[in-house]
Amino acid sequence: MPQELNDLERRRREELQHLRELGVNPYPYSFDKTHDSTAILSTFTDETAENFKNVAVAGRIMAIRRMGKASFCHIQDAQGRIQVYLRTGDIPNYDDFKLYDIGDIVGVKGYVFRTKVGEISVHATELVMLCKSLSPIPIAKEVEDEAGNKTMYDAFQDKELRYRQRYTDLVVNPQVREVFVKRSRIISTMRRYFDERGWLEVETPVLQPLYGGASARPFITHHNTLDMELYLRIADELYLKRLIVGGFEGVYEISKDFRNEGMDRTHNPEFTMMEIYVAYKDVYWMMEMVENLLETITREVHGGTEITVGEQQISMKAPFRRVTMLDAIKEHTGKDLRGVSLEEAKAIAKELHVDIDGKTSVGAIIGEIFGTKAEPNLIQPTYVIDHPLEVSPLAKTHRSDPSVTERFELFINGAEFGNAYSELNDPIDQRERLEAQSRQRAGGDEEAMTLDEDFLHALEIGMPPTAGLGIGIDRLVMLLTNQDSIRDVLFFPQMRRLE
RNA sequence: GAUCCCGUAGCUCAGCGGUAGAGCAUUUGACUUUUAAUCAAAGGGCCGAUGGUUCGAGACCAUCCGGGAUCACCA
C-alpha cells in the first residue's frame, strides 16, 4: 500500500536488510512458548522462583528502554504484557537489539526475576526476532499510579483509523480486545444453552429469491449462471419455520442478516441475528426461556445479574416485568387507546405530537405512539406484549382478544432486544395477512413483506404450534459490554471506501 | 437523506490573517535493574482535496472527500 515511505518506514526496511545481512531470518517459522505473560505474573513468587528458571515467552514489543549495555522492554501477548530484561553478555546477540523496534514480534527465553522496584520480569538468555514490523504502530504509554489507576498517554483514539485498522486498534488498545472476548463468550454461552436443551443449530440460505420475515429493504445481487436476481436475507424466519414443518422440534441459527438502510450508532448494514423456533410452545413459554437465557448469559459474562449501562443500573435477574402495549402507553402518556377508532387514534397521536405520516391503521398508530412515547422509558428489562394485529403479520391472533397478537418485544435501556411470537400456523390466516402486506407494498410501502407462495405451501403441509424468537446479538453485546456504538462491538464496521 | 462538529508530523494535540509548533515516537551520543527511564543534540509536514477572497490563507468563503454526533428509517 505505501508507495512513498516515510522516514520511519524506510528506516525499518533498512534494519530488516541489516538483520538479513547478519544472517538473521526476520520471519522464522515457529517458536516454542512455555508461558503466557499472565501465567508468569500471577504465579511467580520468590518461593516458586525455582519453577521459572527456564521460560519462553513471545509477543509484540510495546515499549523499549535502552540504557547502553542493558535494556528493558515490554512484550505483549494475547493475555497481557510482561517486562523483559536484556543485558550484554547474557545473550549473544545483544548488539542486534538496536535493530529491534516497538511493534516487532520477538521470542525470549530466560528466567523470571523481580527487579529492584519489584516488577516481575524475564531475564533474557535468548532473544529471537519472530517478525520484523515495517509499519510503526502508535505509541501509547500507560502509567499506573499507587492506587492502581491507569492513565493512558497519547492513546490511539482516532475512531476512523481504529475502525479501518482494527488490527492496530487491537494491538494498541487492550480494552478493545476485552469487548470482543466478551462478545465471543456471550454467543458461546447462548449456543451452549440451546444445545443443552436439544435444539439444533442449522444454516439456511443467505441468498434468497424472495426476502421476508421482517420489514426492511434488502440488498440485491445477481447470480450469473441462473441469471436471476437474488436478495441477501433480511431475516431467517421463513426458512426456519419450513424446518419446523419438516419435523425438527427446535432449530436455531446465529448468523448475519443484511438490511439496506441507514447506518448509525445502532445500525450496521450487516448484523448478527439469532433466531430460534421451538415446536409445541407458545410466546408465554418463550418469555420464561428468554429471561432465563439472558440471566444465564449475564452471570457468565459479569459474574452477577446487575449491570451498569451508561448512567443506568440494570438488573438482568429473571423474571422480567410484563406489560401490554396499551398499558405501557397509558403509563407513559395517560392515554387509553383501548378500542379507539382510527379517527380517535389519529387525534391522540396529534395531541401527543407523534408523527404518524403514512400510518393507515389503528394498530400502526398505536405502534408508533408506543415507540415514541413509551419505549425510551423502558429501562429495566420489560416484556411488552399484545401488539396490534396490523403490525404483526407473522404472529398468531391472541387467544382471547382478536385485535391483538401473541407477541412480545423485550425492551432494555430504552431499546429493543428481542421479538417473539406464538407463530402463526393457520395457512389461510397467514395468506390473508401477507396479502394485506402486498397491498401496502403496492401502495408504496417498500418495507412491507412480500408474498412467499412456497412458505405458504409449507404452512399448508402443516406446522405444529411453535414459539419463535429473534435477538439482535450486536445490541445484546453492546448492552453487556457497556458500549454505546455498534461499531465498537463489530471488528470491522462498514466504512465508506477511501479514495 | 437532513443538521451540527472535526480533518495540522507515525500517534495525541496547539496554532484561527503575517517565516509551520509541542509532547511521545524516530536518529546520533552518554548510561549494566529501567518503567511516560533520564541527559544532550538532530531529522521529520502538498496543514484532507479543489477553487476563491487577500499584498499575504493552516486559519476566511464555496464545493468536494473522509469521519463523528444528533435526527429520520430500522434490529
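Hydrogens, waters and symmetry mates are skipped; everything else that's a heavy atom, side chains included, is used. Order of the sequence lines fixes the chain letters, A, B, ..., with proteins taken first and strands second; residue numbering starts at 1 for each chain.
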Inset, instruction - Using the C1' atoms only, state how far G52(B) lies from G15(B), rounded to an integer number of Å. - result: 24 Å

Inset, instruction - For U32(B), take OP1 and OP2 only and decide whether either is under 4.0 Å from a side-chain N or O of R87(A). - result: no

Inset, instruction - Return yes if some donor-acceptor pair links the side-chain N/O of Q83(A) with the main-chain N/O of F72(A) below 3.5 Å, else return no. - result: no

Inset, instruction - Give the nucleotide from the list U34(B), G67(B), C73(B) with an atom nearest to the side chain of R496(A). - result: G67(B)

Inset, instruction - For nucleotides U53(B) and G21(B), find the distance between their P atoms and express it as a whole number of Å. - result: 28 Å

Inset, instruction - Using a 4.0 Å heavy-atom cut-off across all strands, classify F417(A) as base, sugar-phosphate, or nothing. - result: nothing

Legend entry - Given U35(B), G66(B), U32(B), the nucleotide with the shortest approach to the side chain of H74(A): U35(B)

Inset, instruction - Output the single nucleotide from U33(B), U12(B), U35(B) whose closest atom is nearest the side chain of R65(A). - result: U35(B)

Inset, instruction - Name the closest nucleotide to the Q83(A) side chain, picking from U35(B), A69(B), U32(B). - result: U35(B)

Legend entry - C1' spacing across the pair G23(B) / A36(B), given as an integer number of angstrom: 10 Å

Inset, instruction - Can you figure out which of G68(B), C73(B), U27(B) approaches the side chain of E368(A) most closely? - result: C73(B)

Inset, instruction - Describe the nucleic acid contact of E119(A) in one word from base, sugar-phosphate, nothing, applying a heavy-atom distance below 4.0 Å. - result: base

Inset, instruction - Would you please classify the geometry between the F180(A) ring and the F491(A) ring as parallel, tilted or perpendicular, with 30° and 60° separating the classes? - result: parallel

